[in-house]
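Just so we're on the same page: letters track the sequence lines, and every chain starts at 1.
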Amino acid sequence: MNGKTDVKRDNESRILAAIRAIPRGQIAGYGEVARRAGLPGRARLVARVLRGNTDPALPWHRVLRSDGRIAMAVDSPGYLEQTQRLRAEGLMVVDGRVKGVRASPSREDVLDEQVWGMPD
DNA sequence: CTGATGACAGTCC
DNA sequence: AGGACTGCCATCA
């Protein structure tokens with residue numbers, strides 16, 4: 001029977017779980033979430049799940065791009081909402097970019113600390 | 001089946 | 001700092 005469907009649902013579950021595991025006031029990159037979900041390199045899967053997500057309790061706003069910028073289009077409705085939600089959690093958001101997160105791939109140390117606090 | 005798309009990421013220049 | 005290119009893979013036309 002369809003083992004594929006089960007796998008897909010399982011992947012989604014893990015991704016959702018990883019997102020829910022992001023502490024309030026903290027953020028994570030798509031790749032980071034994917035890795036935490038046991039799906040390294042599947043950042044796009046995370047994006048796919050978020051796009052199809054219906055759970056209002058899901059802290060989707062804590063998921064940003066690897067460069068610390070909001071993933072959605074600037075003219076998109078979700079862009080503004082994500083900005084406001086992040087600010088509501090005490091984060092500084094300037095021009096669609098969260099202050100305190102690496103803006104360039106030259107220093108990856110910051111993100112790890114900002115996100116989960118510490119590796120496994 | 002092929003090709004394009006996408007709430008992405010990493011590397012190279 | 002920013003653009004071009006590649007990798008990944010589910011979904012759609």
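- Among residues two or more places apart in sequence or in another chain, the side chain to side chain contact (heavy atoms under 4.5 Å, CB included) test is passed with A:Leu45 by A:Ile15, A:Arg42.
- Atom pair A:Ile15:CD1 and C:dA10:P shows a separation of 10 Å (rounding to whole Å applied).
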inquiry  = Under the criterion side-chain contact (heavy atoms from CB on, under 4.5 Å), I'd like the reasoning laid out for A:Gln84 against A:His61: C-alpha separation, chi angles, the key distance, then a yes or no.
reply    = CA-CA 9 Å; A:Gln84 295 179 354; A:His61 55 277; over 6 Å; no
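- For residues 69-79 of chain A, proximity to DNA chain B is found at A:Ala71, A:Met72, defined as any non-hydrogen atom under 4.0 angstrom from a strand atom.
- For residues 40-49 of chain A, proximity to DNA chain C is found at A:Gly41, A:Arg42, A:Arg44, A:Leu45, A:Arg48, defined as any non-hydrogen atom under 4.0 angstrom from a strand atom.
- With a 6.0 Å radius and a threshold of 12 heavy atoms from other residues, nucleotides or ligands, A:Arg14 has its CZ atom above the threshold.
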task = Determine, stepwise, if the pair A:Asn11 / A:Val49 fulfils side-chain contact (heavy atoms from CB on, under 4.5 Å).
result = CA-CA 9 Å; A:Asn11 287 340; A:Val49 171; over 6 Å; no
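- In this structure, CZ of A:Arg97 is placed 14 Å from C1' of C:dG2, rounded to the nearest angstrom.
- With sequence neighbours excluded, the residues that form a side chain to side chain contact (heavy atoms under 4.5 Å, CB included) with A:Ala71 are A:Tyr30, A:Arg65.
- Here C:dA10 presents its P atom at 10 Å from CG of A:Leu39, a figure rounded to the nearest Å.
- For the pair A:Arg35 CZ and B:dG10 P, the computed distance is 8 Å after rounding to whole Å.
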request  = Let me see the working for A:Glu89 and A:Ile27 under side-chain contact (heavy atoms from CB on, under 4.5 Å), right down to the final yes or no.
outcome  = CA-CA 10 Å; A:Glu89 297 197 350; A:Ile27 57 178; over 6 Å; no
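- Shown here are the side chain to side chain donor-acceptor pair (under 3.5 Å) partners of A:Glu81, two or more places apart in sequence or in another chain: A:Arg85.
- Sorted by first then second residue, the salt bridge (Lys or Arg N to Asp or Glu O under 4.0 Å) pairs that include residues 46-58 of chain A, not counting sequence neighbours, are A:Arg20-A:Asp55.
- To the nearest angstrom, P of C:dG3 lies 12 Å from CG of A:Asp67.
- The distance between atom OH of A:Tyr30 and atom P of C:dC9, rounded to the nearest whole Å, is 19 Å.
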